[in-house]
Amino acid sequence: MPPFVVERHSPLPVAEAWRRMTDWERHTATVPLTRIEVRTPPPDGVGTVFVARTGLGRAGFEDPMRVVRWEPPGGDDGTGRCRLEKTGRIVTGWAEIEVRPDGTGSLVRWREELRVAKLPRALDAVTARTGRLVFGRAVDTLLRGS
C-alpha cells in the first residue's frame, strides 16, 4: 500500500506536541479496542519496543513495533523525528512521526505504510482511507490531551 499522510497544525510548542505524540501508552485512548503495552524500560529511544493489541478477549491480533529512529526536537531546525518499524506477522510496514515548528505552534506529520496479511492489494485504497481516518483521530486526540 502506498504511504498515507496525516498533518495537523497545533498551537502547542514543538516539545509538548512531541511528548504527546511519543507517549506510546496514551495511544490506547485513541484507537478503539486497542491497548498499548511498552515492553522496554524508559527512557524512549532507538530500540524501544511496544505492542498494540487490538480485539476483544481472545479474538484479536498484536501489532508489535520497534523504534528505529529517535531524534527529539532540537538541532538546527527544531524538528523531532521518530520512525517505527512494524515487526508482526499480521501487520507489517512502518510509521514516521515528525513534529516541527510552525509559527507560534507546531506541525505534526504522521506518515505510515502498512500491509495487513492476507488482505488483497485491491483493498489498498480502502486501507489507506481508513488509516487516514483512524490515525487522524489519534493525532487529534493526542494533541488535545484528552
Side-chain angles (χ1 to χ4, degrees), residues 1-55 60-119 121 123-146:
M1 177 184 86
F4 63 85
V5 179
V6 173
E7 286 188 348
R8 296 293 190 267
H9 295 273
S10 172
L12 294 171
V14 170
E16 179 60 15
W18 171 264
R19 185 190 69 75
R20 291 182 187 194
M21 293 303 302
T22 60
D23 183 348
W24 310 124
E25 290 167 329
R26 284 195 66 240
H27 286 237
T28 293
T30 68
V31 181
L33 304 175
T34 300
R35 66 180 165 75
I36 307 287
E37 177 189 349
V38 178
R39 296 196 172 162
T40 50
D44 286 335
V46 171
T48 296
V49 173
F50 58 95
V51 177
R53 167 114 177 106
T54 300
F61 65 93
E62 290 190 343
D63 179 9
M65 291 168 254
R66 176 179 301 277
V67 176
V68 297
R69 181 179 187 187
W70 183 262
E71 299 172 9
D76 294 337
D77 65 357
T79 300
R81 294 176 182 88
C82 175
R83 182 177 171 99
L84 310 168
E85 296 286 342
K86 296 174 170 284
T87 61
R89 292 176 305 155
I90 307 274
V91 180
T92 59
W94 52 266
E96 295 175 338
I97 301 167
E98 181 179 279
V99 182
R100 66 176 53 238
D102 184 45
T104 60
S106 54
L107 173 68
V108 172
R109 180 176 293 130
W110 182 300
R111 290 183 65 226
E112 183 151 353
E113 180 178 282
L114 59 88
R115 294 283 313 138
V116 178
K118 299 181 183 178
L119 194 63
R121 289 201 180 267
L123 295 177
D124 281 357
V126 172
T127 303
R129 199 168 28 256
T130 301
R132 276 192 298 280
L133 288 171
V134 169
F135 290 102
R137 179 180 177 271
V139 170
D140 292 342
T141 302
L142 290 165
L143 292 174
R144 268 197 319 270
S146 44

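All values derive from a computational prediction rather than experimental measurement.
Using a 4.5 Å cut-off on side-chain heavy atoms (C-beta onward), W24 and T48 make contact. Considering only heavy atoms from C-beta on, W18 comes within 4.5 Å of C82 through its side chain. For the pair E37/R53, no side-chain contact is recorded, criterion being any heavy-atom separation below 4.5 Å from C-beta on. Looking at heavy atoms from C-beta onward, R129 lies out of side-chain contact with F4 at the 4.5 angstrom threshold. Annotation: side chain of R89 is not in contact with side chain of E62 (no heavy-atom distance under 4.5 Å). Residues P73 and T79 form no side-chain contact, since every pair of their non-hydrogen atoms from C-beta on lies 4.5 Å or further apart.
Between V99 and S106 the shortest heavy-atom distance is CG1-CB, 4.2 Å. The shortest heavy-atom contact between P101 and G78 is CD-O, 3.6 Å. Across all non-hydrogen atoms, the minimal contact from M65 to L84 is SD-CD1, 4.3 Å. For R132 against V6, the heavy-atom pair with the smallest separation is O-CG2, 3.8 Å. Among all heavy-atom pairs drawn from G47 and T40, the shortest one is O-CG2, 3.9 Å. Scanning all heavy atoms of the two residues, the minimum distance from P32 to T54 falls at O-CG2, 4.4 Å.
A side-chain donor-acceptor contact under 3.5 Å links R20 to the backbone of L143. With R137 contributing its side chain and T30 its backbone, the two residues share a donor-acceptor pair below 3.5 Å.
Counting heavy atoms of neighbouring residues, nucleotides and ligands inside a 6.0 Å radius, atom CZ of R35 does not exceed 12 of them.
The CD atom of E113 sits 8.5 Å away from atom OG1 of T92, with the distance rounded to the nearest 0.5 Å. In this structure, CZ on R26 lies 10.0 Å from CE on M21, to the nearest 0.5 angstrom.
Counting only N and O atoms by type, the side chains of E112 and W110 include a donor and acceptor under 3.5 Å apart.
With respect to R66 and E85, no salt bridge is recorded, no charged nitrogen being found less than 4.0 Å from a carboxylate O.
Residue E98 forms a salt bridge (Lys or Arg N to Asp or Glu O under 4.0 Å) with just one option from R83, R109, R111, and that option is R109.
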